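Just the heavy atoms: all of them, side chains too, but no hydrogens, waters or symmetry mates, feed the values below. Nothing here was measured: the structure is a model prediction, and the numbers come from that model. Numbering of ligands and ligand atoms starts at 1, following listing order.
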Amino acid sequence: MKDPLKIGLAGLGTVGVGVVKILQHHSDLISKRAGRPIQIIAISARDQGKDRGVDLSGYEWVKNFSTMSNHNGLDLVVEMIGGAEGAVKDFVYSSIKNNKHVVTANKALLAHHGADLAQLASDNAVSVGYEAAIAGGIPIVKTLREGLAANNITGVFGILNGTCNYILTEMRETGRDFEDVLKEAQDKGYAEADPTFDVDGIDAAHKLTLLTALGFGVKPDFGALSITGIRDVSADDIKFAADMGYKIKLLGIAKRSGDKILQRMEPCLVKKTSAIGNVEGVFNAVCVKGDFVNEVLNVGPGAGEGPTASAIVADIIDIARGNVPPMFGVDAKTLQHASWADANDIQSACYLHLEVKDQSGVIADITSVLKNHNVSINKFIQPGFNDNGTESIVMITHKGQYKDILAGMIALEKLDSILTKPKHLRVEEI
Ligand SMILES: NC(=O)c1ccc[n+]([C@@H]2O[C@H](COP(=O)([O-])OP(=O)(O)OC[C@H]3O[C@@H](n4cnc5c(N)ncnc54)[C@H](OP(=O)(O)O)[C@@H]3O)[C@@H](O)[C@H]2O)c1
């Protein structure tokens with residue numbers, strides 16, 4: 001058997017401890033699969049005295065994780081601390097410059113600095129493994145970069161944040177409001193005390209940035225992404241969508257649109273009966289469309305100790321085998337800035353939710369405004385009166401220019417009979 005691959009672990013929280021457990025429990029199996037033993041040499045976290053529920057006595061404790069980047073005894077460092085800037089970023093950069101392979105679960109770092117890191121890794125002939133950074137246990141990097149390498153990828157869609165999917169599922173199943181379900185998710189440990197990254201779509205957008213880069217061979221460009229989270233989705237929206245045969249999901253979408261790429265993160269309606277509509281709770285799903293394979297759907301746990309550590313160790317095994325593919329599937333030098341499609345120019349069907357005064361002529365006024373903006377109605381329901389005496393009107397439009405629908409929404413808001421800002425969500429046919 002070949003020499004062991006010697007690794008250092010920076011971060012011993014949820015993910016780091018999971019990695020230690022897998023490497024300890026499956027050391028023989030992993031040696032066989034990798035063709036060489038994988039040895040943890042050094043570890044680092046903030047608090048050396050913390051009981052982490054695993055035996056760490058055989059490893060060298062490194063006080064400052066940054067120094068692992070020039071530790072002579074290490075071939076590979078695993079970064080499991082998090083954060084896009086500062087000491088963690090410097091650590092990853094200097095580890096690569098010192099010819100160490102890096103494995104990381106840090107989607108924020110890669111979404112902001114992925115193109116730079118891909119070039120640096122290529123220049124130093126090392127690998128940056130990041131399977132754990134996108135959809136946890138789902139092997140989507142391998143699927144896109146290797147399994148579907150023969151295809152021209154036309155679209156990548158996904159439910160990329162388990163917390164949001166759990167909240168939307170619970171809201172639908174129990175009829176409760178967003179705030180109420182969020183609080184429960186925080187109590188159960190599915191949502192962070194500060195839920196901003198999750199519920200505002202930022203965490204999922206980091207992952208989508210990387211999926212777009214992988215799928216289309218372009219530079220990751222987080223700044224180019226339009227992001228809407230789930231805070232404004234109400235229990236009523238979820239119920240009305242269900243009444244019309246849909247579920248609401250926070251979707252990351254990247255697809256070819258002519259010679260451009262359309263990339264967006266937003267809550268959308270999907271058919272109740274669709275495969276992605278049936279991905280519930282904390283599960284993630286990523287659907288890839290390729291010209292020869294047609295459609296591949298990967299579903300699985302998107303976070304948590306076991307699934308995330310499983311993806312990290314898979315990357316370590318790959319590197320131990322000597323498998324060092326380019327980070328985003330193409331030579332880093334050929335990664336280009338994408339030409340982004342304007343989401344307002346696309347054809348889209350939309351869900352519209354209006355709160356109106358209970359007075360005659362309201363529906364005629366609404367349909368007249370929509371007609372003037374080339375918006376035609378496919379489905380229409382009047383669910384009845386709200387507690388405050390107002391009435392809801394809910395529609396699904398036919399596919400039309402999205403900018404026409406937006407203009408129609410602005411005109412509707414000016415009607416005297418419309419009481420609140422009209423709401424709209426796109427309907428995705430996937
Ligand atoms: N948790 C998941 O399900 C999941 C899924 C996918 C990706 N990720 C990503 O994986 C990474 C780690 O997540 P996690 O959930 O394991 O986080 P975590 O439980 O908060 O653990 C973070 C670890 O980093 C250590 N740390 C923090 N600041 C440090 C510093 N200044 N110096 C040294 N060590 C420091 C902490 O040390 P102490 O333990 O001593 O405090 C802790 O061991 C993040 O990038 C996250 O986005 C996590």
Inset, instruction - Flag the pair Tyr351 / Tyr246 as yes when their ring centroid distance falls below 6.0 Å, and as no otherwise. - result: no

Inset, instruction - Using only heavy-atom distances, determine whether the side chains of Asn294 and Lys289 contain a donor-acceptor pair under 3.5 Å. - result: no

Legend entry - Cation-pi geometry met for Arg426 and Tyr402 (6.0 Å, 45°): yes

Inset, instruction - Examine the side chains of Glu192 and Gln186 and answer whether a donor and an acceptor come within less than 3.5 Å of each other. - result: no

Legend entry - Glu305 and Thr14: side chain donor to acceptor below 3.5 Å: no

Legend entry - Check: His206 ring centroid to His112 ring centroid under 6.0 Å: yes

Legend entry - Set of residues that line ligand 1, where lining means a heavy atom lies under 4.0 Å from it: Gly11, Leu12, Gly13, Thr14, Val15, Ala45, Arg46, Asp47, Lys50, Arg52, Phe65, Met80, Ile81, Gly82, Ala105, Asn106, Lys107, Ala132, Ala303, Gly304, Thr308

